[in-house]
Amino acid sequence: MNPTEQKGINRTGIKASPANSDAMQQRDHMSIGQDGDEEELAAVRTSYIVDAEVVGSMPQPLDAQVLLDKLGERMAFERTGTRLYDALITKCRACDSGLDLDELQEYRDAEARHFLMLADAITALGGDPTAQTPSADMAGVEAMGLVQVMNDPRATVAQSLHALLLAEMGDKAGWETLIALADEQGHLNLIDDFTQALNEEREHLDQVQAWYEQAIGLATGGVVLTPEQQQNISAP
Ligand SMILES: [Fe+2]
Ligand SMILES: [Fe+2]
């Protein structure tokens, strides 16, 4: 079915059936009879939180633990970023999206380069870049939704770009944190490389945001699409 043929058949909203929704609301109101709150849920959560152990532990060396943990986190996220771009490039090849594939490939390669640079930085600090640090573990969990969207064959290029936009926001914030940490802890030799990575992330973020806005029909995007490409990129 052509995606445009599906427009207007979404019946998930309550207004799709006014008569039945009125009856349902009346019945629910009678059977529930009182407003709930989140206190019980919070109590259950709290009981788990107070008994919980932390996620993983840091490997050797014992100095620069916060920096090494955050380097591991960034490394995990940069690896995910590389895979997000790989998946988007495949999607754009499969449908004529109008996005610049060379530029996408350039950004993909930048993420892979950042990953390798972080491995070198961890090694230089005496760490093991193959160890999964606690924050790296959590970063993997955080990115799961983004990877899921990007690899969903039904996701439009616009929806994929929205996932990538969140990743690039995380990239920018992540490098800013790393630069501040390296500076505070006196690892000034890392700052030049990290600043270059941050500048590349800023470019990624600006361009991905422009592509995304173009894809949803805002006029501020950096690429000019044909009407057919616009249809391909934004059709739900
Ligand atoms: Fe990156
Ligand atoms: Fe990036």
Between A136 and G72 the two heavy atoms that sit nearest each other are CB-O, 3.4 Å
Going by heavy atoms in the side chains, are V54 and P134 under 4.5 Å from each other? no
Determine, step by step, whether I89 and R93 satisfy the side-chain contact (heavy atoms from CB on, under 4.5 Å) criterion, reporting the C-alpha distance in whole Å, the side-chain angles of both residues, the deciding distance to 0.1 Å, and the verdict. CA-CA 6 Å; I89 289 168; R93 285 214 177 98; 3.5 Å; yes
Counting N and O atoms only, with roles assigned by atom type, does the side chain of K91 sit under 3.5 Å from a partner on the main chain of D152, one being a donor and the other an acceptor? yes
Just so I know, are the side chains of W211 and L104 near enough to count as touching, which here means a heavy-atom distance under 4.5 Å? yes
Distance-minimising heavy-atom pair for P59 and A131: CG-CB, 3.7 Å
Work out which heavy atom in G170 is nearest to a heavy atom in R74; give both atom names and the distance. O-NH2, 3.4 Å
Selection residues 46-94 - residue pairs positive for ring-ring contact (aromatic ring centres under 6.0 Å, His included), sequence neighbours left out: none
Kindly compute the distance separating CG (D137) from OG (S57), expressed to the nearest 0.5 Å. 11.0 Å
Looking at every non-hydrogen atom in both residues, tell me the closest pair between H187 and A64 and how far apart they are. NE2-CB, 4.4 Å
Can you tell me how far OG of S135 sits from CG of D69, rounded to the nearest 0.5 angstrom? 3.5 Å
Quick one: closest heavy-atom pair of A112 and T82, and the distance? N-OG1, 3.3 Å
Side-chain contact test, heavy atoms from C-beta onward, threshold under 4.5 Å: evaluate it for E78 versus D171 and give yes or no. yes
L164 side chain reached by L146 side chain, heavy atoms, under 4.5 Å: no
Does a donor on one side chain and an acceptor on the other come within less than 3.5 Å for E203 and Q207? no
Could you check if a side-chain atom of E103 sits within less than 4.5 angstrom of a side-chain atom of L101, using non-hydrogen atoms only? no
With rounding to the nearest 0.5 Å, note down the distance linking NE2 in H162 to CD in Q209. 10.0 Å
Look at the side chain of N151 and the backbone N and O of V147, then say whether any donor-acceptor pair between them is shorter than 3.5 Å. yes
Is a donor on one side and an acceptor on the other found under 3.5 Å between the side chain of T90 and the backbone of D86? yes
Return the SG to CG distance between C92 and D100, rounded to the nearest 0.5 Å. 10.0 Å
Are L166 and M150 in one and the same hydrophobic cluster, where Ile, Leu, Val, Met, Phe, Trp and Tyr link if side-chain heavy atoms are under 4.5 Å apart? yes
Find out whether T156 and Q159 are in side-chain contact, i.e. whether some heavy atom of one side chain is under 4.5 Å from a heavy atom of the other. yes
Taking every heavy atom of S21 against every heavy atom of P18, the minimum-distance pair comes out as OG-O, 3.0 Å
Stepwise, does the side-chain hydrogen bond (donor to acceptor under 3.5 Å, both in side chains) test hold for D109 with Q105? CA-CA 6 Å; D109 292 346; Q105 185 67 41; 3.2 Å; yes
Looking at residues at least two apart in the chain, or sitting in another chain, which of them share a side-chain hydrogen bond (donor to acceptor under 3.5 Å, both in side chains) with K70? E73
Going from CD1 on I9 to OG1 on T12, what distance comes out if it is rounded to the nearest 0.5 angstrom? 11.0 Å
Let me confirm one number: the CZ-CG distance from R202 to D206, rounded to the nearest 0.5 Å. 9.5 Å
When Ile, Leu, Val, Met, Phe, Trp and Tyr are grouped by side-chain heavy atoms lying under 4.5 Å apart, directly or through other members, which residues fall in the same group as F115? M58, V66, L67, L68, L71, M75, L116, M117, L118, I122, L125, W175, L178, I179, L181, L188, L190, I191, F194, L198
Considering only heavy atoms from C-beta outward, does the side chain of Q25 approach that of I14 to under 4.5 Å? yes
Residues E111 and Y107: side-chain donor-acceptor under 3.5 angstrom: no
Going hydrophobic residue to hydrophobic residue with side-chain gaps under 4.5 angstrom, can you get from I216 over to V157? yes
Minimum side-chain heavy-atom gap H114-E200 below 4.5 Å: yes
